[in-house]
Engineer: 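Starting off with a structure, shown below.
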Protein chains: 2
Amino acid sequence: MSESLAYAELIAVLVAVTDNEPRVMTIDAGEALPSGPFETSHRTLQSGLRAWVESQTGHPVGYLEQLYTFADRDRALDAGTGAAQTRHISIGYLGLVREQVALGAGRPEWHSWYEYFPWEDHRDGRPDLLTGLSERLLDWAGDHEVRRQRVDFLFGLNGQLWNEDLVLQRYELIYEAELEKVAGFGRQMASDHRRILATGITRLRAKIKYYPVVFELMPDSFTLLDLQRMTEALAGVRLHKSNFRRQIDQQNLIEETGEMSSETGGRPAKLFRYRPAVVEASSLSGARLPYSRH
Amino acid sequence: MSESLAYAELIAVLVAVTDNEPRVMTIDAGEALPSGPFETSHRTLQSGLRAWVESQTGHPVGYLEQLYTFADRDRALDAGTGAAQTRHISIGYLGLVREQVALGAGRPEWHSWYEYFPWEDHRDGRPDLLTGLSERLLDWAGDHEVRRQRVDFLFGLNGQLWNEDLVLQRYELIYEAELEKVAGFGRQMASDHRRILATGITRLRAKIKYYPVVFELMPDSFTLLDLQRMTEALAGVRLHKSNFRRQIDQQNLIEETGEMSSETGGRPAKLFRYRPAVVEASSLSGARLPYSRH
DNA sequence: TTGACATAAACTCAGATGGAGAATAAGTCA
DNA sequence: TGACTTATTCTCCATCTGAGTTTATGTCAA
């Protein structure tokens, strides 16, 4: 049974947003995600991760969610040299924090996640780099019809719409085409940390659509445009202003503070705060089945 | 670093549906979910699980998805006796299979998942057992307003609608109220397997709403009512017939085979088959943000 | 002081979607 | 042949959504 013992490590995708830029906590000068061993003293995986993240950043982690557990032998750093090595299991977590003063050991730094995935930021239109990237991907696809369709679908070619949720699938395709180390196609990371980061971004982009996680990243009081810019930063796309506002107040998640913000550059905006109470009680639908009420 | 070594085990929530009853593979006469160690010979977690599940059941697993990784010290079987014990990590997977002929060692048996969570089946109306159960839960809540609201919300009391997605949250509440071992409130399982099963059901119920996983459980050809009954079995609620049909053909996921089924008891029904090709290419939305097209 | 500029907030309107159920078709079985 | 059962197609209407337009209220520079 000792052959089944493994080294378990906790990896954090820790996200904060400042100046409309989504940032992720890194160590080793932006080369790796913070990670630490799961120790006997930790009561649960969550509390283990929470403990050392807070010691690293000095900040409380508002929101913490398990992402995925990775153990692919061929994608870890120290792979393939022998049979009798210790197995590595990485348990990834997504954490959201409000501010970004990093005070820990290990040279913590915040980096925009678009450094690692530059093709994911469509806020100012389709990034130029996508031209070269999709050319290389289509080269790789060649005559292979299925591959070609996958490229079109994932990268919004041939009349298909850009779908911001497919971060991980796009990265996996690039990896499959062996383009992930090409200069200019995003910054690299140690081991498979870039994949774990892609997993985190994917989860967050999906989640903001049906669960009010954005507020974990917002300050106590904010304007509606602040909220929109935050959402746009995460999703990497622009949103329709008045429809965004309508959606927000249909959900009933925020209330006016009574104060105004005059830092808008135009007409002062009302300030709002989050009302966490309602979350549990409302259904916050998402997709539904066609129920029958009888 | 040896204090960080852990015993990693793979646990499967393996689901099949027969006779409109969703069933889960168990061992030990229905007392436990099948599980096995993650071994050095396994290339990935997925392939490790797939390998031994197929050897246990003799069936190919169509769909396999990671659920969650558990390591709570206080909820595992062998907890709390000493400090120097080996840490257990359980990685749960959800698998879907088409048929249920179990041929493996370890006395594999299929059990309806409603044996373990009898309050989750609302296909024939609200189960009687919910009366007693919610009474006990409200006793536990007492004057605690937050608890009381949680009970109302999760169990559809006080005018709230039943939400079939909250399987895990309901089980966690019952566990918190220490009612999980009360006779009549569902069959128990070893260790925290019942919680893992709840996690699997939760995931599946959520997923059928925005991704066509149901077809992994359907035979090659089926009628629209078959498909509806399957969905109802999983969701534990009744659906509106014509609206269900409309939703299905909006999604464009199936096509007529040309054959008819005369086993309906009434007018013969057209037979359909799944068209997997479309899945990738369509958006299959779910929740959306209010995009701005410019 | 005034007008250009910028953003806020409210309102409009047509087309799509979703819930509920009626109407019609085509089998089986007594 | 008529009762019964299920299949399949429609209809109706309320609500939601996408895409603006309109009006309000600040700042700032000439």
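Chain letters run A, B, ... following the sequence lines, proteins first, then strands; residues in each count from 1.
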Engineer: Check the pair A:E232 / A:R229 against salt bridge (Lys or Arg N to Asp or Glu O under 4.0 Å), numbers first and verdict last.
Structural biologist: CA-CA 5 Å; A:E232 289 173 340; A:R229 292 284 177 254; 2.7 Å; yes
Engineer: So, is A:Q250 close to the D:dT15 phosphate, meaning a side-chain N or O under 4.0 Å from OP1 or OP2?
Structural biologist: no
Engineer: Just the rounded figure in Å: distance from P of C:dA16 to CZ of B:R288.
Structural biologist: 14 Å
Engineer: Look at the rings of B:F117 and B:Y171 and say which category their plane angle falls in: under 30° parallel, 30 to 60° tilted, over 60° perpendicular.
Structural biologist: perpendicular
Engineer: Figure out the CG/C1' separation between A:L271 and C:dA9, and round it to whole Å.
Structural biologist: 15 Å
Engineer: Nearest-Å distance, CZ (A:F222) to C1' (C:dA8)?
Structural biologist: 16 Å
Engineer: Side chain of B:K270, heavy atoms from C-beta onward: which of D:dT8, C:dT7, C:dA9 has the nearest atom to it?
Structural biologist: D:dT8
Engineer: Test for a donor-acceptor pair under 3.5 Å between the base of C:dA26 and the side chain of B:R267, counting only N and O atoms.
Structural biologist: no
Engineer: Tell me which residues in residues 227-245 of chain A put a heavy atom below 4.0 Å from DNA chain C, sorted by number, or none.
Structural biologist: A:K241, A:S242, A:R245
Engineer: Should we say atom CD of A:Q250 is surrounded by more than 12 heavy atoms from elsewhere, each under 6.0 Å from it?
Structural biologist: yes
Engineer: Starting at OH of A:Y291 and ending at P of C:dG18, how long is that distance when rounded to a whole Å?
Structural biologist: 13 Å
Engineer: Would you call the rings of A:H122 and A:W162 parallel, tilted or perpendicular, where under 30° means parallel and over 60° means perpendicular?
Structural biologist: parallel
Engineer: Specify the separation, in whole Å, of atom CZ of A:F272 and atom P of C:dA8.
Structural biologist: 11 Å
Engineer: Donor-acceptor pair, B:R273 side chain versus B:I254 backbone, under 3.5 Å?
Structural biologist: no
Engineer: Under 6.0 Å from the CG atom of A:D220, do we count more than 12 heavy atoms belonging to anything else shown?
Structural biologist: no
Engineer: Send over the distance from A:L289 CG to C:dG18 C1', rounded to a whole Å.
Structural biologist: 13 Å
Engineer: Over how many whole Å does the gap from B:D249 atom CG to D:dC10 atom C1' extend?
Structural biologist: 13 Å
Engineer: With heavy atoms under 4.0 Å as the rule, sort B:Q247 into base, sugar-phosphate or nothing.
Structural biologist: nothing
Engineer: Just how far, in rounded Å, is C1' of C:dG18 from NZ of B:K209?
Structural biologist: 16 Å
Engineer: Specify whether A:Y116 and A:H111 have parallel, tilted or perpendicular ring planes, treating 30° as the upper limit for parallel and 60° as the lower limit for perpendicular.
Structural biologist: perpendicular
Engineer: Taking only the side-chain heavy atoms of A:R246 (C-beta and beyond), determine which of C:dA8, C:dA26, D:dT17 contains the nearest atom.
Structural biologist: D:dT17
